[in-house]
Amino acid sequence: QVQLVESGGGVVQPGGSLRVSCAASGFPLSKFFMSWVRQAPGKGLEWVSTITPSGSSTYYADSAKDRFTISRDNANNILYLQMNSLTPEDTALYYCARPYKPYPINQSDWAQYEYWGQGAQVTVSS
């Protein structure tokens with residue numbers, strides 16, 4: 001069955017860096033656009049970034065642009081999000097998500113995502 005398992009969350013000081021990973025299984029990762037979505041305490045879901053199946057193109061929310069980098073290792077079925085220059089506003093549960101179909105989607109339309117990981121907690125605090 002399809003599984004998405006995030007890891008790599010933790011506590012980091014403002015200005016620090018962290019990388020979260022998402023191990024995918026049960027489907028060919030190389031065929032799907034993949035996204036990172038986060039949810040801050042008491043707030044709704046926020047799209048962070050999306051990467052094309054080959055990894056050749058990436059897309060970022062304004063809040064993540066120039067600080068975060070999404071990447072993928074299709075050979076090992078892993079999705080990554082490298083986060084630099086973290087601020088307390090980045091504190092959230094970070095989810096990787098896969099859409100129903102291997103086509104481009106509206107990244108912020110949550111109904112178009114079929115599978116979600118359990119989330120990785122990232123806390124930015126001094």
Side-chain angles (χ1 to χ4, degrees):
Q1 73 277 22
V2 172
Q3 281 194 312
L4 299 172
V5 180
E6 295 95 339
S7 61
V11 180
V12 63
Q13 291 188 338
S17 298
L18 206 60
R19 187 178 76 166
V20 290
S21 303
C22 172
S25 60
F27 70 98
L29 182 68
S30 61
K31 296 197 180 300
F32 285 83
F33 288 72
M34 294 294 294
S35 295
W36 286 99
V37 178
R38 69 184 183 185
Q39 186 167 29
K43 296 191 176 180
L45 295 171
E46 178 190 12
W47 171 73
V48 176
S49 183
T50 295
I51 187 168
T52 56
S54 68
S56 60
S57 295
T58 56
Y59 308 91
Y60 297 94
D62 287 343
S63 59
K65 211 168 292 183
D66 299 326
R67 299 188 302 127
F68 292 5
T69 302
I70 189 172
S71 62
R72 63 195 299 159
D73 179 352
N74 286 338
N76 291 297
N77 295 317
I78 303 175
L79 179 73
Y80 299 103
L81 184 68
Q82 174 68 43
M83 301 179 286
N84 300 327
S85 302
L86 287 162
T87 73
E89 289 68 39
D90 296 314
T91 295
L93 196 58
Y94 284 74
Y95 299 97
C96 61
R98 195 210 86 173
Y100 278 90
K101 301 292 186 181
Y103 307 132
I105 64 168
N106 178 345
Q107 300 100 321
S108 297
D109 182 355
W110 313 130
Q112 297 199 39
Y113 291 99
E114 183 176 12
Y115 292 101
W116 299 75
Q118 84 289 353
Q121 179 65 45
V122 173
T123 301
V124 185
S125 174
S126 55

A.B. asks: So, using side-chain contact (heavy atoms from CB on, under 4.5 Å) as the criterion, who are the partners of Y115 when residues are at least two apart?
C.D. replies: V2, L4, R98
A.B. asks: With K43, which residues qualify under side-chain hydrogen bond (donor to acceptor under 3.5 Å, both in side chains), at least two apart?
C.D. replies: none
A.B. asks: Taking all atoms of both residues into account, what is the closest heavy-atom pair of L79 and S71, and its distance?
C.D. replies: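 Distance-wise, the nearest heavy atoms are CD1-O, 3.4 Å.
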A.B. asks: Side-chain contact, heavy-atom cut-off 4.5 Å: Q107 with Y113?
C.D. replies: yes
A.B. asks: Quick one: list whatever passes salt bridge (Lys or Arg N to Asp or Glu O under 4.0 Å) with R67, sequence neighbours left out.
C.D. replies: D90
A.B. asks: Look at the side chain of T52 and the backbone N and O of S57, then say whether any donor-acceptor pair between them is shorter than 3.5 Å.
C.D. replies: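 Looks like yes, one N/O pair under 3.5 Å.
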A.B. asks: List the atom of P53, the atom of K31, and the distance in Å for their closest heavy-atom pair.
C.D. replies: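 The answer is CG-O, 3.7 Å.
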A.B. asks: Backbone N or O of R19 within a donor-acceptor pair of the Q82 side chain at under 3.5 Å?
C.D. replies: no
A.B. asks: Looking at every non-hydrogen atom in both residues, tell me the closest pair between L29 and D73 and how far apart they are.
C.D. replies: CD2-O, 4.3 Å
A.B. asks: Among I105, D109, T50, which one satisfies side-chain contact (heavy atoms from CB on, under 4.5 Å) with P99?
C.D. replies: I105
A.B. asks: Sequence neighbours left out, what passes ring pair (Phe, Tyr, Trp, His ring centres under 6.0 Å) with F32? Give chain and number order.
C.D. replies: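 Expected list: F27.
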A.B. asks: Give, for atom OG of S25 and atom CD of Q1, the distance between the pair rounded to the nearest 0.5 Å.
C.D. replies: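 Separation between the atoms: 7.0 Å.
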A.B. asks: Specify the closest pair of heavy atoms between Q121 and A92, including all atoms of both residues, with the distance to one decimal.
C.D. replies: NE2-O, 3.4 Å
A.B. asks: Filter on disulfide (SG to SG under 2.5 Å), then keep only pairs touching residues 3-105, sequence neighbours left out; what's left?
C.D. replies: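 As it turns out, the disulfide (SG to SG under 2.5 Å) pairs with a partner in residues 3-105, which skip direct neighbours, are C22-C96.
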A.B. asks: Which heavy atom of W47 sits nearest to which heavy atom of S35, and what is that distance?
C.D. replies: NE1-OG, 4.0 Å
A.B. asks: Assigning hydrophobic clusters by single linkage (Ile, Leu, Val, Met, Phe, Trp, Tyr; side-chain heavy-atom cutoff under 4.5 Å), is W110 placed with Y95?
C.D. replies: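 Yes.
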A.B. asks: About how many Å separate CD of E114 and NZ of K101, when rounded to the nearest 0.5 Å?
C.D. replies: 8.0 Å
A.B. asks: Please lay out, stage by stage, how V48 and R38 fare under the test side-chain contact (heavy atoms from CB on, under 4.5 Å).
C.D. replies: CA-CA 7 Å; V48 176; R38 69 184 183 185; 3.6 Å; yes
A.B. asks: Any link between L93 and V122 through a network of hydrophobic side chains (Ile, Leu, Val, Met, Phe, Trp, Tyr) touching at under 4.5 Å?
C.D. replies: no
A.B. asks: Pick from V11, V124, L86: which one makes a side-chain contact (heavy atoms from CB on, under 4.5 Å) with L18?
C.D. replies: L86
A.B. asks: Among the clusters formed by ILVMFWY side chains lying less than 4.5 Å apart, do Y80 and I51 turn up in the same one?
C.D. replies: no
A.B. asks: Check the pair I70, Y59 against side-chain contact (heavy atoms from CB on, under 4.5 Å), reporting the backbone distance first and the verdict last.
C.D. replies: CA-CA 8 Å; I70 189 172; Y59 308 91; over 6 Å; no
A.B. asks: For D66, which residues count as a salt bridge (Lys or Arg N to Asp or Glu O under 4.0 Å) partner, sequence neighbours excluded?
C.D. replies: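 Partners of D66 under the salt bridge (Lys or Arg N to Asp or Glu O under 4.0 Å) test: none.
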A.B. asks: Locate the shortest heavy-atom distance separating M83 from Y94; write the atom from each residue and the value.
C.D. replies: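 Looking at all heavy atoms of both residues, the shortest contact is SD-CE2, 3.7 Å.
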A.B. asks: Counting distance only, does the side-chain N/O of Y103 pair as donor-acceptor with the main-chain N or O of F33 below 3.5 Å?
C.D. replies: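 No: the side chain of Y103 does not pair with the backbone of F33.
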A.B. asks: Does F68 belong to the same Ile/Leu/Val/Met/Phe/Trp/Tyr cluster as V12, with side-chain heavy atoms less than 4.5 Å apart forming each link?
C.D. replies: yes
A.B. asks: Could you check whether any side-chain heavy atom of N84 comes within less than 4.5 Å of a side-chain heavy atom of S17, counting everything from C-beta outward?
C.D. replies: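 Yes - at least one pair of side-chain heavy atoms lies under 4.5 Å apart.
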